[in-house]
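First comes the structure, then the notes that go with it.
Numbers restart at 1 for each chain; the letters A, B, ... are given by sequence-line order, proteins then strands.
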There are 2 protein chains.
Amino acid sequence: MTKEQARREVRAALSVGSFRVTKQRLAIVEELAAVERYATAKELHQRLSQKRSGVGLATIYRTLETLEAIGAASVRTQGRGESAYLFCSPEHHHHAVCTKCGKVEDVPCRSIGRIERDLTQALRFKTTQHRFEFFGLCDRCS
Amino acid sequence: MTKEQARREVRAALSVGSFRVTKQRLAIVEELAAVERYATAKELHQRLSQKRSGVGLATIYRTLETLEAIGAASVRTQGRGESAYLFCSPEHHHHAVCTKCGKVEDVPCRSIGRIERDLTQALRFKTTQHRFEFFGLCDRCS
DNA sequence: GTCTCTGCAAAGGGTTTGCAACGCA
DNA sequence: TGCGTTGCAAACCCTTTGCAGAGAC
């Protein structure tokens, strides 16, 4: 996704709520979209500080929270209680994480029917949601 | 799993490394195995404090870390940066989490062949590991 | 003009660490 | 007896919050 696309997508998503489009939010979104992998608030803060855009750390946290709320970002926790955020589409999908370079690709959700049938029959468990994560090597790293 | 089984399983796992079997560790493991869902360190600390076994919070954190290392516990993060731990077998499997009572059941891993093939072909991504989580209603809650 | 957002610094809270005493093996 | 473990409290560090000024609409 280009920066332009990211910007447009977030503009659209923000305007659904009563959110405002500020230059700080756009800078954060562009940076998050550019890394193509999970990034921490601190990391984004450092990257943005190196450029002209000096966005406060608190603003980054608040923006990431907002992005998550509107479905434009996904969160995970990595060692030492740090949260890492990934820019991604609000559509239902899963992630393929490269264990070498950290790049994350979206995986559309298809055909998990059989697994769900197994679940219902074996455990009598009715699934309403699921989440898959794949780890391995991306095209470039393999 | 009974407390006896949990105790035996952990004894075996600990003795693989140069770990010692202490009454605190056994108390923590029994408690963790008994809850059958994700529990935080603080929660375990409170539960153990109500019984005779007053185990220090730091010890609980250290033990949970050890259990995770030997594959006897799985970790997840829940709101506000808190870690929650689940007692589970070191075999490769997935989890079905009841969204009502929180109970977690193990799901043996079968037949994800097709999804992996899709991944390899569409994204040129070679999976080496995966992790599935299912959310829904368990037998009792549905 | 109004109402949200930002930045700073301080507060908050879960987790880790240092160290002396303890207790498995 | 030796060395890993425990408990306590302090230290850590990521994250959140309060508030006054700035800025989007």
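Taking the six-membered ring for Trp and the full ring otherwise, A/H130 and B/H94 have centroids separated by 6.0 Å or more.
The separation between B/L64 atom CG and C/dG14 atom P is 15 Å, rounded to whole Å. To the nearest angstrom, P of C/dC22 lies 19 Å from CZ of B/R25. In this structure, B/E82 places its CD atom 9 Å from C1' of C/dG13, rounding to the nearest Å. Protein atom CG of A/L67 is 12 Å distant from nucleotide atom P of C/dC5, rounded to whole Å. Taking atom CD1 of residue A/I60 and atom P of nucleotide C/dG7, one finds them 9 Å apart after rounding to whole Å. Here the P atom of nucleotide D/dG7 and the CG atom of B/L44 are 14 Å apart, to the nearest Å. When the P atom of C/dC24 is taken as reference, atom CG of B/L26 falls 10 Å away, rounded to whole Å. The distance from atom CG of A/L48 to atom C1' of C/dG7 is 14 Å, rounded to the nearest whole Å.
Among the nucleotides D/dG7, C/dG14, D/dT6, the one closest to the side chain of B/T63 is D/dT6.
Among all heavy-atom pairs drawn from B/R37 and B/C101, the shortest one is CD-O, 3.7 Å. B/L123 and A/D106 make their closest contact through CD1-O, 3.8 Å (heavy atoms, listed as atom of the first residue, atom of the second, distance).
Side-chain atoms of B/Y38 and B/S74 include a donor-acceptor pair closer than 3.5 Å.
A 6.0 Å sphere centred on CD of B/Q78 holds more than 12 heavy atoms belonging to other residues, nucleotides or ligands. Crowding of A/E68 atom CD: a count of heavy atoms from other residues, nucleotides or ligands under 6.0 Å exceeding 12.
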Take nucleotides 16-25 of chain D nucleotide by nucleotide from the 5' end and write B, S or -, depending on whether a protein heavy atom sits under 4.0 Å from the base, only from the sugar-phosphate, or from neither. BBB----BBS
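Residue-level contact check: B/S83 touches the backbone only, with heavy atoms under 4.0 Å from sugar-phosphate atoms and none from bases. No engagement by A/G17 is indicated, since no non-hydrogen atom pair under 4.0 Å with the nucleic acid exists.
Of the two residues contacting DNA chain D, namely A/A41 and B/G56, the nearest-nucleotide position lying further toward the 5' end is that of B/G56.
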